[in-house]
Asks: 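Below are the structure tokens for one structure; questions will follow.
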Amino acid sequence: MRDRYVAKNPLCEECKRNGKLTPVQEVHHILPLSRGGTHDESNLMSVCTPCHSSITARDGDRWRRGRG
């Protein structure tokens with residue numbers, strides 16, 4: 001699934017929105033699997049590691065886990 005998505009979306013989608021061309025490093029689930037998200041392409045996003053960290057921190061998905 002990841003390889004297929006990256007082949008179609010080889011650049012970080014977040015960087016692209018900001019006019020930068022950065023190779024993809026990770027595939028992000030827009031709605032996390034833990035909250036009912038799926039592996040459907042409409043729920044995936046190609047991102048570089050810095051953008052993935054920024055999105056995850058903003059959404060609180062990693063750092064909030066276990067604190068609730």
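Source: prediction; values computed, not measured. Worth knowing before you read on, the calculation uses all heavy atoms, side chains too, and leaves out hydrogens, waters and symmetry mates.
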Asks: CE/Met1 to CG/Asp40 distance, rounded to the nearest 0.5 angstrom?
Replies: 10.5 Å
Asks: Any idea which heavy atoms bring Cys48 and Pro23 closest together, and the distance?
Replies: CB-O, 4.0 Å
Asks: Between CD of Glu26 and SG of Cys12, what distance do you get to the nearest 0.5 Å?
Replies: 10.0 Å
Asks: List the residues meeting salt bridge (Lys or Arg N to Asp or Glu O under 4.0 Å) with Glu41, not counting sequence neighbours, and say none if there are none.
Replies: Lys8
Asks: So, do Met45 and Ile55 sit near enough that their side-chain heavy atoms are less than 4.5 Å apart?
Replies: yes
Asks: Less than 4.0 angstrom from a charged side-chain N to a carboxylate O is my criterion; do Glu14 and Arg17 meet it?
Replies: yes
Asks: Please report the interatomic distance NE2(His28) to OG(Ser53), rounded to the nearest 0.5 Å.
Replies: 11.0 Å
Asks: Does some side-chain heavy atom of Glu13 sit less than 4.5 Å from a side-chain heavy atom of Val47?
Replies: no
Asks: For Val27 and Val6, which heavy atoms make the closest approach, and how far apart are they?
Replies: CG2-CG2, 3.6 Å
Asks: Of all heavy-atom pairs between Asn43 and Leu31, which one has the smallest distance, and what is that distance?
Replies: OD1-N, 2.7 Å
Asks: On a heavy-atom basis, which atom in Leu44 and which in Tyr5 lie closest, and how many Å separate them?
Replies: O-OH, 3.0 Å
Asks: May I ask you to test the Pro50-Gln25 pair for a side-chain heavy-atom distance under 4.5 Å?
Replies: yes
Asks: Applying side-chain contact (heavy atoms from CB on, under 4.5 Å), run through Cys51 and Cys15 and close with a yes or a no.
Replies: CA-CA 8 Å; Cys51 284; Cys15 284; 3.7 Å; yes
